[in-house]
Structures are given as C-alpha cells and as structure tokens.
A.B. asks: 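What follows is a single structure, and I will ask about it in a moment.
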Protein chains: 2
Amino acid sequence: MENREQLLAQALALFAARGYDAVGVQEIVAAAGVTKPTLYHYFGSKRGLLEALLESHFGPFERNLAAAVTHTGDLPLALMRVTQAYFTFAQTTPAFYRLHLALYMAPSEAEARQVVSPYYLRQHTLLAEMFAQATTQHGNMRGRHARYALALRGMIDSYVLAVLDGYAAFSETLVYELVHQFSHGIYS
Amino acid sequence: MENREQLLAQALALFAARGYDAVGVQEIVAAAGVTKPTLYHYFGSKRGLLEALLESHFGPFERNLAAAVTHTGDLPLALMRVTQAYFTFAQTTPAFYRLHLALYMAPSEAEARQVVSPYYLRQHTLLAEMFAQATTQHGNMRGRHARYALALRGMIDSYVLAVLDGYAAFSETLVYELVHQFSHGIYS
DNA sequence: GCGTTATTATACCATTCGGTATAGAAATAG
DNA sequence: CTATTTCTATACCGAATGGTATAATAACGC
C-alpha cells in the first residue's frame with residue numbers, strides 16, 4: 001500500500017506544478033520509484049489516478065465544509081467558519097488547491113474538468129443552502145442564494161490564488177477582511 | 001493571410017474546448033485546412049500560436065478596459081463600466097474567455113500560464129489604480145486597492161463562468177447586481 | 001522578362017503518449 | 001506445503017507528440 005500513496009503524492013506534486021495533461025504517467029511512476037503496471041494496478045488509468053487524488057483530499061474537506069455551513073442563526077459566524085475552512089484547506093495542501101482550481105477552470109469537454117465538476121457542484125450547493133437558511137433572518141436575500149454562493153466562492157478563490165502566488169499571506173486578518181468585504185461591501 | 005486567421009480561429013475553438021495541452025498541432029492544422037509548415041511559418045511554435053491568440057483578443061480588450069477605469073470622480077459608474085466591459089468581452093468571445101480563465105488558473109510552471117500572466121497583471125494594475133484614484137473620495141479605502149481589485153475580478157470571473165456554464169444569462173440586471181453586491185455587501 | 005521573397009505541401013525525425021501481455025515475486029489462505 | 005491472490009517488473013504496442021529538411025509554388029518588385 002505504500003506505493004499507492006507514493007503515486008498519489010508524486011502525482012499531486014507533478015499535476016500541481018505543470019498540469020494534468022502536461023505530465024505523463026511515465027514521469028509519475030519514475031518519481032514514485034515504481035513502474036507503470038503498479039500504477040495501472042491501483043488506479044486502472046491516468047484518469048482513475050486523478051479521481052482517487054480528488055477523493056482523498058476533497059472527501060475529508062467536504063465533511064469539514066458541511067460542518068462549517070451548519071446554520072446556528074448566526075450567518076456572520078458561519079461565513080467566518082466557511083472562509084476559514086477554505087483558507088485552512090489551501091494552507092494545508094496548497095498544491096491540491098492549485099490543482100483543483102486549474103481543473104475547474106478547464107474547458108468543460110476536458111476530461112479533467114468532468115472529474116472535478118461534481119465536487120464543485122456539491123460545495124456550491126452547501127454554500128447556497130447556508131444562505132437559504134439565513135433567509136429567515138434576512139428576508140431580502142430570497143432568490144439570491146446562488147449568486148451569493150457564487151460571489152463568496154469567487155472571492156475566496158481569488159484571495160487564495162493571490163496568496164499562493166505570493167502576493168499576500170494567510171492570516172486571521174485576511175479572513176476577517178474578506179468576510180467583512182463580502183458582507184458590507186467596499187463603502188464601510 | 002487568410003490561413004493565418006483560420007489557424008487562430010481553429011486554435012481558439014480547440015483550445016477552449018479541450019485545453020491547450022490536450023490539443024495537438026496536427027489537429028489544429030487539419031481543422032484550418034492547411035499543413036504544419038504553414039503554422040510554423042506564421043507562429044514559429046505552438047507557444048507562439050498561443051501568444052498571437054492572446055494578443056489578438058487581449059490587446060483590444062485592454063484598451064477598452066483602460067477607457068473604462070478612467071476615473072471621473074464617480075466610482076460607482078466606473079465599476080459599472082468595468083464590469084460591463086468584462087461581460088461584453090465574455091459574451092462576444094466566450095471561447096476566449098474560457099481559455100484565458102483556464103490558462104490563468106493553470107500551474108505557474110506550466111508554459112501556458114507564463115504566457116497569460118502579463119496580461120492578467122496589467123489588468124489587475126488597471127483595476128487597482130481605479131480604486132487608488134477613488135481614495136480622494138473614500139479615504140478609508142487606503143491600502144485596500146489591491147484587495148478590492150482582487151475581489152472584483154474574482155466576482156466577475158465567478159459570475160461569467162456561471163453564465164458560460166449555463167447557470168445564468170448575461171443581462172444588464174446581472175451587471176447591476178454584481179456591482180451592487182460588490183459595493184454594499186449582502187446586507188442591503 | 002527576372003530574381004527574390006513569402007508561402008505552402010510531402011515526407012520525415014526522434015521522442016513520448018497512455019496502456020498492456022507476460023511472467024516473476026511476494027504475501028496470504030487452506 | 002500448496003494453492004491462490006496480490007503486487008510489480010521487463011518489454012512491448014500503435015498512435016500521437018512538437019518540430020523540420022527539402023522543395024515546389026505563388027506573389028512581388030524591377
């Protein structure tokens with residue numbers, strides 16, 4: 001089982017560095033110190049390897065996210081939890097965050113995109129439901145859940161990418177500022 | 001010169017549909033109805049083709065954007081102009097918008113990313129300067145120009161992607177709602 | 001007319017692509 | 001100990017990769 005994890009780890013590093021399509025299986029197995037049949041034994045195909053990679057990281061994260069969006073009547077608090085969850089995720093495994101961003105922005109016909117799509121959709125649904133539950137407190141939100149989820153995710157990814165590119169650093173302050181900006185706009 | 005434009009058009013369609021790395025030059029020249037030496041005559045390399053493609057679309061757009069950010073003492077108006085400029089761009093050439101999103105989110109070591117990076121940086125600078133000029137009117141913005149530019153771009157791309165994926169439609173209303181949300185947050 | 005340059009096709013290059021058939025180890029079950 | 005299953009290596013597959021040497025053709029200035 002150790003070879004399996006080596007393959008996942010090296011595949012993540014290579015995919016994140018140069019992209020899914022640009023990295024060949026030969027390069028992955030060489031980095032992992034094994035040969036091709038080993039990879040095909042565990043994952044069946046290059047795509048299967050990608051799917052396993054996504055599941056291993058997104059699986060646990062989605063459970064975190066599901067806990068973070070749990071509404072307790074305090075939307076501002078939930079927003080902080082959610083944003084913090086994404087930031088922690090990106091900080092813990094920056095390579096994976098980069099990879100999944102690249103995969104999601106990839107063309108819809110690209111095979112890599114089809115693999116991430118379900119994960120993104122589930123997360124979007126979780127976020128939208130958080131806003132939907134807040135409707136009780138903020139009646140004027142009605143019908144805007146999806147757009148709010150969209151904008152929040154867009155801001156988070158935009159901020160995270162800036163950090164990954166070295167233009168900023170992760171901090172509690174950054175989380176607060178993002179949430180504050182999202183909540184009250186730029187004129188306050 | 002007609003072959004040159006055919007190559008650019010077909011390359012855009014293919015890159016946008018399946019990704020830069022996944023599309024071979026053979027496929028491009030076949031779609032354009034020419035052969036490989038023609039492509040290499042005009043562009044020198046696959047990367048050169050990508051560079052020409054980006055310049056041909058981003059060049060004109062950056063001039064539009066530069067006009068849109070021109071500050072006239074009315075930041076809300078400038079925000080509307082900027083957002084509208086991006087939406088119009090995405091609506092006019094959706095394939096190119098998809099492609100450039102994919103390229104920018106690609107890993108920094110990926111050759112495709114290096115080609116888009118300068119364009120994205122210039123656009124970010126233009127946006128940040130717009131917010132900087134608004135400091136006169138809104139003193140509390142000081143030091144936040146970069147983050148505002150980041151968040152605005154993130155929201156725009158997030159919205160545009162949703163439209164390109166068929167979850168929404170371009171409209172004046174959508175532009176207004178985006179700008180309003182960006183300006184005043186979700187509690188208004 | 002001529003010489004020059006720009007443009008294009010045929011045919012080819014070495015390398016790499018994702019994937020596999022065969023078979024040898026290694027672990028496990030009985 | 002044997003039988004079976006799991007795992008891994010050698011060696012290979014056809015197809016496609018980005019790119020090019022050679023040469024024919026077309027367009028051009030003169």
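Every chain is numbered from 1, with letters handed out A, B, ... down the list of sequences.
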A.B. asks: Any donor-acceptor pair under 3.5 Å linking the side-chain atoms of Tyr97(B) with those of Asp157(B)?
C.D. replies: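 Short answer, yes.
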A.B. asks: If I take atom NE2 in residue His41(B) and atom P in nucleotide dA26(D), what distance separates them, rounded to the nearest angstrom?
C.D. replies: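 Atom-to-atom, His41(B) to dA26(D), this comes out as 16 Å.
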A.B. asks: What is the distance, to the nearest angstrom, from the CG atom on Leu7(B) to the P atom on dG18(D)?
C.D. replies: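 Going from CG in Leu7(B) over to P in dG18(D) covers 14 Å.
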A.B. asks: Between atom CD in Gln6(B) and atom P in dT7(C), what is the gap in whole Å?
C.D. replies: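 After rounding, the gap between these two atoms is 16 Å.
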A.B. asks: Whole-Å distance between dC17(C) C1' and Arg18(B) CZ?
C.D. replies: 14 Å
A.B. asks: Can you tell me which residue among Arg47(A), Arg113(A), Glu111(A) is in a side chain to side chain donor-acceptor pair (under 3.5 Å) with Tyr20(A)?
C.D. replies: Glu111(A)
A.B. asks: Relative to the 5' end of DNA chain C, which residue comes earlier, Gln26(A) or Gly44(A), by the nucleotide with the nearest heavy atom?
C.D. replies: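 The residue closer to the strand's 5' end, by nearest nucleotide, is Gln26(A).
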A.B. asks: Separation of Arg4(A) atom CZ from dT6(D) atom P, in whole Å?
C.D. replies: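 Atom CZ in Arg4(A) sits about 15 Å away from atom P in dT6(D).
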A.B. asks: How many whole angstroms separate atom CG of Leu50(B) from atom C1' of dG18(D)?
C.D. replies: 15 Å
A.B. asks: Quick check on dA9(D): is either OP1 or OP2 less than 4.0 Å from any side-chain nitrogen or oxygen of Thr38(A)?
C.D. replies: yes
A.B. asks: Got a salt bridge between Lys46(A) and Asp21(A), using NZ or NE/NH1/NH2 to carboxylate O under 4.0 Å?
C.D. replies: no
A.B. asks: Describe, in one word, how the ring planes of Phe89(A) and Phe61(A) are oriented to each other, choosing from parallel (under 30°), tilted (30 to 60°) and perpendicular (over 60°).
C.D. replies: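 The rings of Phe89(A) and Phe61(A) lie parallel, inter-plane angle below 30°.
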A.B. asks: Starting at OH of Tyr40(B) and ending at P of dC12(C), how long is that distance when rounded to a whole Å?
C.D. replies: 19 Å
A.B. asks: Would you kindly give the CZ-to-P distance between Phe43(B) and dT20(D), to the nearest whole Å?
C.D. replies: 16 Å
A.B. asks: Could you check whether the rings of Phe58(A) and His100(A) sit parallel, tilted or perpendicular, using 30° and 60° as the cut-offs?
C.D. replies: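 Answer is perpendicular, since the angle exceeds 60°.
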A.B. asks: Anything under 3.5 Å between a protein N or O and an N or O of nucleotides 10-15 of chain D, put it in a table, one pair a line.
C.D. replies:
none

A.B. asks: Would Thr88(A) and Gln84(A) count as having a side-chain donor-acceptor pair, cut-off 3.5 Å?
C.D. replies: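 Indeed, the side chains of Thr88(A) and Gln84(A) share at least one donor-acceptor pair under 3.5 Å.
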A.B. asks: I want to check one thing: is the phosphate of dC7(D), taken as OP1 and OP2, less than 4.0 Å away from some side-chain N or O of Asn3(A)?
C.D. replies: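 False: Asn3(A) side-chain N/O out of range (4.0 Å or more) of dC7(D) OP1/OP2.
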A.B. asks: Are side-chain N/O atoms of Asn3(B) and Tyr42(B) paired as donor and acceptor at under 3.5 Å?
C.D. replies: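 No, because no side-chain N or O of Asn3(B) sits under 3.5 Å from a partner of the opposite role on Tyr42(B).
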A.B. asks: Using the ring of each side chain (for Trp, its six-membered ring), is Phe182(A) parallel, tilted or perpendicular to Tyr148(A), with breaks at 30° and 60°?
C.D. replies: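 Perpendicular.
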A.B. asks: Taking only residues two or more places apart in sequence, or in another chain, which ones meet Glu177(A) in a salt bridge (Lys or Arg N to Asp or Glu O under 4.0 Å)?
C.D. replies: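 If we apply the salt bridge (Lys or Arg N to Asp or Glu O under 4.0 Å) test to Glu177(A), skipping adjacent residues, the hits are Arg147(B).
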A.B. asks: For residues 27-34 of chain A, which residues have at least one heavy atom under 4.0 Å from DNA chain C?
C.D. replies: none
